[in-house]
Amino acid sequence: MTKIMKKKKNQWIEVIPYGIVGGMIPSASTMLFKRKNGEDRFVVWFSELQSRIAIEQNLNKEKVFSFAQKILKASDCIPKCCFFVRKEQGRDVVRLSFNNSLKPLEFYADEVISFCMLNNCRFFCVSEFFQEHSGEIPKRFRKHSLLSKTPMYLN
């Protein structure tokens with residue numbers, strides 16, 4: 001029974017970018033991710049610049065990273081999946097996998113989320129990630145907690 005529980009515990013769960021909440025603290029926003037087939041959510045903090053890029057790409061389908069995409073496409077190296085793997089120095093770390101034999105690479109999530117969204121990457125995390133991120137909003141910002149219920153929705 002313990003083996004079954006451990007196996008289930010480490011299973012990857014697909015999540016989707018659900019919305020962006022801007023201005024909770026100066027120079028920072030949060031990206032809400034939601035379980036693909038469920039209600040569980042978690043937040044990833046990132047810069048206002050990344051937030052604006054994600055919104056602009058979503059609303060206008062503008063390709064902010066077109067130069068990088070051309071290079072990656074020419075190299076047959078397209079990012080396919082983004083796995084939330086851990087926290088490091090207070091920031092979320094993701095592992096990107098690619099369509100070819102390139103070894104997966106790790107980045108801070110707040111630096112690559114908008115790029116991953118532009119490339120239609122699938123996002124994954126383990127169940128513990130929801131629990132670890134459930135109390136992320138600091139006390140002094142809880143008065144703004146209604147913002148997380150009315151985010152700018154993404155397609």
Side-chain angles (χ1 to χ4, degrees), residues 8-70 72-73 77-99 104-155:
K8 207 172 192 179
K9 188 177 180 181
N10 293 324
Q11 223 172 19
W12 289 106
I13 299 166
E14 188 165 3
V15 294
I16 56 173
Y18 176 63
I20 295 173
V21 179
M24 289 183 74
I25 58 175
S27 303
S29 294
T30 56
M31 170 71 77
L32 294 168
F33 281 87
K34 180 179 171 183
R35 185 187 293 252
K36 188 172 183 176
N37 298 316
E39 294 299 317
D40 296 334
R41 297 183 297 177
F42 66 89
V43 297
V44 175
W45 293 85
F46 61 105
S47 72
E48 281 295 319
L49 175 61
Q50 284 295 317
S51 172
R52 285 188 219 136
I53 290 170
I55 291 169
E56 192 64 32
Q57 287 175 171
N58 188 62
L59 295 176
N60 300 320
K61 305 301 180 201
E62 186 175 319
K63 299 196 179 215
V64 177
F65 300 106
S66 61
F67 71 94
Q69 287 188 286
K70 285 180 183 178
L72 292 173
K73 189 173 182 179
C77 182
I78 310 292
K80 289 295 180 187
C81 295
C82 179
F83 299 89
F84 289 91
V85 293
R86 68 180 179 281
K87 259 201 185 308
E88 187 175 285
Q89 299 176 4
R91 295 169 75 188
D92 295 298
V93 175
V94 295
R95 182 177 299 129
L96 294 184
S97 66
F98 299 85
N99 67 329
L105 299 172
E106 290 189 352
F107 300 93
Y108 287 120
D110 55 66
E111 296 173 346
V112 297
I113 286 176
S114 58
F115 183 74
C116 291
M117 289 173 56
L118 181 63
N119 284 284
N120 298 314
C121 286
R122 293 173 66 193
F123 293 90
F124 297 89
C125 71
V126 293
S127 60
E128 291 81 18
F129 210 81
F130 293 104
Q131 295 161 354
E132 291 171 7
H133 287 70
S134 63
E136 280 289 313
I137 300 174
K139 277 185 179 179
R140 65 181 183 262
F141 302 119
R142 288 199 185 139
K143 64 182 177 183
H144 301 292
S145 63
L146 289 178
L147 292 173
S148 66
K149 295 178 181 164
T150 57
M152 167 167 237
Y153 294 100
L154 303 170
N155 293 336

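Below, each value reflects all heavy atoms present in this structure, side chains not excepted, and no hydrogens, waters or symmetry copies. One is the number of the first residue; the rest follow in order along the sequence.
Nearest approach of V43 to D92, heavy atoms of both residues: O-OD2, 4.4 Å. Minimum interatomic distance between F84 and V44 (heavy atoms only, all atoms of both residues): CE2-CG2, 3.7 Å. Taking every heavy atom of both residues into account, F83 and S97 meet most closely at CE1-OG, 3.9 Å. Contact between F123 and P17 at its shortest, heavy atoms only, is CE1-CG, 3.7 Å. For the residue pair C77 and F98, the shortest heavy atom distance occurs at SG-CD2, 3.7 Å. The shortest heavy-atom contact between V15 and R35 is CG1-CA, 4.0 Å.
Scanning for salt bridge (charged side-chain N to carboxylate O under 4.0 Å, His left out) contacts around K70 gives an empty result, with sequence neighbours left out. For E88, the side-chain contact (heavy atoms from CB on, under 4.5 Å) partners at least two apart in sequence or on another chain are R86, V93, Y108. Applying the salt bridge (charged side-chain N to carboxylate O under 4.0 Å, His left out) rule to E111 yields the partners R91; only residues at least two apart in sequence or on another chain are considered.
Between F33 and F42, the ring planes lie parallel to each other; the angle is under 30°, not in the 30° to 60° tilted range.
Separation of atoms CZ (F107) and CD1 (I113) is listed at 13.0 Å; rounding is to 0.5 Å. Here the SG atom belonging to C82 is positioned 11.0 Å from the CZ atom belonging to F115, to the nearest 0.5 angstrom. Rounded to the nearest 0.5 angstrom, E39 CD and Y18 OH are separated by 7.0 Å. Expressed to the nearest 0.5 Å, how far CZ of R41 lies from NZ of K34 amounts to 7.5 Å. Between the CD1 atom of I78 and the CG atom of L96 there is a distance of 12.5 Å, given to the nearest 0.5 Å. For the atom pair N37 CG and E14 CD, the distance stands at 8.0 Å (nearest 0.5 Å).
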